[in-house]
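Just so it is clear, the values below take in all heavy atoms, side chains as well, and ignore hydrogens, waters and symmetry mates. Chain identifiers are assigned alphabetically (A, B, ...) following the order of the sequence lines, protein sequences preceding nucleic acid strands; residue numbering begins at 1 within each chain.
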Amino acid sequence: MRVRFAPSPTGFLHIGNARTAVINHLVAQKENADLIIRIEDTDKERSTKESEISIMEDLKWMGIKWTESPEMGGDYGPYRQTERFDIYKEYTDKLIANGGAFRCFCTREDVEADKEDAVKNNKPFMDRCRNLSTEEQEKLVSQGKEFTVKFKVPEGETISFNDLIKGDISFKSEHIGGDFIIVRSDGFPVYNYIVIIDDTLMKITHVIRGEDHLSNTPKQILIARALGLPEPQYAHMPLLIGDDKKKLSKRHGITSVDLYKKEGYLPEALVNYLGLLGWATESGEEIMTQERLIELFSISNIGKSAAVFDFRKLRWMNGQYIKNYDLKEITDMFIPYLEDGGFDLSGTDRERIESIISLVRGNCEVLSDIVNYMGIFLYEINEPDEKTESLLKEDYSGDIIKIASELIGCLSESDFIEKLIPGIKEKTEHKGKKLFHPLRALFTGALSGPELDLALPLIGYDKTKKRIEYCREKYLK
RNA sequence: GUCCCCGUCGUCUAGGGGUCUAGGACACCGGGUUUUCAUCUCGGCAGCAGGGGUUCGAAUCCCCUCGGGGAUGCCA
């Protein structure tokens, strides 16, 4: 079994394409199949090398494993379509020679008018150049007239195939929109044409791709037939859509994998979420190792309907991974986010960093959340935000600040942890929310965060004292 | 316009004629734990798009309508 992922390098790896890649990867791992990466770069306006590089990086980051690619090579290369033009040329010549394709000299205006006419009269579109003889075609070419090459759609045929996800699909040839371009006027071949050539030449057995390609499939099958090539099995995955049920785009939030990486999503969580979208396990388990995911996965249990991409659930899932990851490893992952967030860790030993992370990881859903909590332990003073400030200005907070300030002077490094909070409680007679909320604000400058009892030892005596003094100065006039 | 695909809680889904008073997860709401927030835990709210059939019986099968998505000449 051989499957493929064939991105076009026209931007960053989109989350929808990432899902296709993940599914292909899961299938390949499950069936011990080859996974081929092919770069579909025939859109010369939009394809860029940088895009190809970033897509490959994102795939690697997600842990996708492939067996053939442009950089790795393989027995069926080259794996970049722009490097295969001589192959396509051969097939194009063959098609023109056997009447399967023809040169079309129509202008855009001609075609537009003809199509409009066809729609208006509710009859299939017929191309003007469809019946040009070879001689007439040659003559126009020699006159220097611009042309495209078109596939001549046979009349009265039915194209049907069994889609592994959608089931039996069938199209009548007169409904696929008429003769279609396979080579542009600039000589570049078009996706719909070469995709099937490459799939068969690369011995792809199962084409697993997005549903947006479903209506293109009959065209590709027709080309295969005309060329005497075998047809692969197809599996069209339902699309990923936004919460407004529309195609996922920028306005739905972040849609490219590199941005998820930047925000601090773990590749394991992304793969878990993407791999599980569209189906469910029998037992209902959702947080799974990749091995488990592969074990339970089957292309046949993917549902048929489009799925809304749920950012909230992905976040939750990512948080689960953060909470359960090996402490040393997750610390390594957090550190770059801390450095980006402006924290200087050079004076802090590794053990202390790990202790802090072990305490605050529960508050993080994405790695970048860590910057909200690290200041509690590393900065001398954490400037309270507006809400925290208004809490600190309350009378009951004032009591606490006053008592804390009196007490801290009598306490030392060795006993402040066990005596400070109990002492404040006793003297102020505050308890519950009225006690702990102001305390939290006082010690951390925020209204939420890690457990106070555990945080205090990590904050230390000096910082605690400074913060109390700071708040006394500021709020206790 | 035409063709193709799809339609179970807000979201992802389980369920494929009786075991469905429709199950789970995220989100949301409430209780408990935490002498605070979060975490964790327990509970609750909430759905078969609509209408016709078929059947003793339909979320499950068929038809229609509606809704959404996709394709339809130089994107992939």
Visitor: What's A:Lys323 touching, base or sugar-phosphate or nothing? Going by heavy atoms closer than 4.0 Å.
Guide: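 Sugar-phosphate, no base atom in range.
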Visitor: Going by purine N1 to pyrimidine N3 plus the second Watson-Crick contact, or the G-U wobble pair, all under 3.5 Å, which nucleotide sits opposite B:rC66?
Guide: B:rG7
Visitor: Just checking A:Leu314: base, sugar-phosphate only, or nothing, at a heavy-atom cut-off of under 4.0 Å?
Guide: nothing
Visitor: Give A:Ser170 one of three labels, base, sugar-phosphate or nothing, depending on what nucleic acid heavy atoms sit under 4.0 Å from its own.
Guide: sugar-phosphate
Visitor: Any carboxylate oxygen within less than 4.0 angstrom of a Lys/Arg side-chain nitrogen, looking at A:Lys304 and A:Glu211?
Guide: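 The answer is no: the pair does not qualify as a salt bridge.
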Visitor: With the side chain counted from C-beta on, respond yes when A:Ile356 and A:Phe334 share a heavy-atom pair under 4.5 Å apart, and no when they do not.
Guide: no
Visitor: Report the relative orientation of the aromatic rings in A:Tyr234 and A:His236; use parallel for angles under 30°, tilted for 30 to 60°, perpendicular for over 60°.
Guide: parallel
Visitor: Would you mind reading off the distance between A:His213 atom NE2 and B:rC5 atom C1', rounded to a whole angstrom?
Guide: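 In whole Å, B:rC5 C1' lies 15 Å from A:His213 NE2.
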Visitor: Could you give the distance separating B:rG30 and B:rC12 at their C1' atoms, to the nearest angstrom?
Guide: 24 Å
Visitor: When rounded to the nearest Å, what value does the distance between P atoms of B:rU41 and B:rA25 take?
Guide: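 These two P atoms come out 10 Å apart once rounded.
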Visitor: Does the ring center of A:Phe297 lie less than 6.0 Å from the ring center of A:His25?
Guide: no
Visitor: With a 4.5 Å heavy-atom cut-off, do A:Val183 and A:Phe147 have their side chains touching?
Guide: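 With C-beta onward as the side chain, the pair stays apart.
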Visitor: Have a look at A:Arg315 and say if it touches a base, only the backbone sugar-phosphate, or nothing, with a 4.0 Å heavy-atom cut-off.
Guide: nothing
Visitor: What does B:rA58 pair with, Watson-Crick or G-U, if both distances are under 3.5 Å?
Guide: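 The base-pairing partner of B:rA58, which may sit in any strand shown, does not exist here.
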Visitor: Identify whether any heavy atom of A:Ser185 sits under 4.0 Å from a base atom; if not, whether one sits that close to sugar-phosphate; answer base, sugar-phosphate or nothing.
Guide: base
Visitor: Figure out the NZ/P separation between A:Lys246 and B:rG69, and round it to whole Å.
Guide: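 Whole-Å distance recorded here is 4 Å.
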Visitor: Look at all strands and tell whether A:Glu282 reaches a base, only sugar-phosphate, or nothing, counting heavy atoms closer than 4.0 Å.
Guide: nothing
Visitor: State which of B:rG70, B:rC26, B:rA76 makes the closest approach to the side chain of A:Leu239.
Guide: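 Side chain of A:Leu239 sits closest to B:rG70.
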Visitor: So what does A:Asn216 touch, heavy atoms closer than 4.0 Å: a base, only the sugar-phosphate, or nothing?
Guide: base
Visitor: Can you tell me the distance, in whole Å, between the CH2 atom of A:Trp316 and the C1' atom of B:rU13?
Guide: 13 Å
Visitor: Is A:Ser8 touching bases, backbone alone, or none of the nucleic acid, heavy atoms closer than 4.0 Å?
Guide: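 Touches sugar-phosphate only.
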Visitor: Is there a Watson-Crick or G-U wobble partner for B:rA46 with both distances under 3.5 Å, and if so, which one is it?
Guide: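 Matched B:rA46 with nothing under the 3.5 Å cut-off.
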Visitor: Report yes if at least one side-chain N or O of A:Lys313 is closer than 4.0 Å to OP1 or OP2 of B:rU13; otherwise report no.
Guide: no
Visitor: Looking for any heavy atom pair under 4.0 Å, which part of the strands does A:Thr42 touch: base, sugar-phosphate only, or nothing?
Guide: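 A:Thr42: backbone/sugar contact only, no base atoms under 4.0 Å.
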Visitor: How close or far is atom C1' of B:rA38 from atom CG of A:Asp453, stated in whole angstroms?
Guide: 14 Å
Visitor: Tell me what A:Gln320 touches on the nucleic acid: a base, only sugar-phosphate, or nothing, going by heavy atoms under 4.0 Å.
Guide: sugar-phosphate
Visitor: Rounded off to whole Å, could you give me the CD-to-P distance for the A:Glu109 and B:rC74 pair?
Guide: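 Atom-to-atom, A:Glu109 to B:rC74, this comes out as 12 Å.
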Visitor: How do A:Lys425 and A:Gly167 order along RNA chain B: which one's closest nucleotide is nearer the 5' end?
Guide: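 Result: A:Gly167.
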Visitor: Quick one: look up who B:rU21 pairs with, Watson-Crick or G-U, both distances under 3.5 Å, and put none if it's unpaired.
Guide: none
Visitor: Strictly by Watson-Crick or wobble contacts shorter than 3.5 Å, is anything paired with B:rG1, and which nucleotide is it?
Guide: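 Result: B:rU72.
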Visitor: On RNA chain B, check which nucleotide each of A:His437 and A:Glu365 is closest to and give me the residue with the more 5' one.
Guide: A:Glu365
Visitor: When all nucleic acid strands are considered with a 4.0 Å heavy-atom cut-off, which category describes A:Phe180: base, sugar-phosphate, or nothing?
Guide: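 Here A:Phe180 touches no strand at all.
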Visitor: Looking at A:Arg130 and A:Asp179, is any side-chain nitrogen of the basic one under 4.0 Å from a carboxylate oxygen of the acidic one?
Guide: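 Answer for the salt bridge query: yes.
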Visitor: Classify the nucleic acid contact of A:Leu214 as base, sugar-phosphate or nothing, counting any heavy atom under 4.0 Å across all strands shown.
Guide: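 Contact class for A:Leu214: sugar-phosphate only.
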Visitor: A:Leu277 CG to B:rC12 C1': how many Å, rounded?
Guide: 6 Å
Visitor: How is A:Gly319 classified with respect to the nucleic acid when contacts are heavy atoms under 4.0 Å: base, sugar-phosphate, or nothing?
Guide: nothing
Visitor: Provide, to the nearest angstrom, the distance between the CG atom belonging to A:Asp186 and the C1' atom belonging to B:rC75.
Guide: 13 Å
Visitor: In whole Å, what is the span from the CZ atom of A:Arg4 to the P atom of B:rA76?
Guide: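 About 13 Å, once rounded to whole Å.
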Visitor: Do the numbers put A:Lys219 on top of the ring of A:Phe180, so that NZ or CZ is under 6.0 Å from the six-membered ring centre and no more than 45° off the axis?
Guide: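 Checked: cation-pi criterion met.
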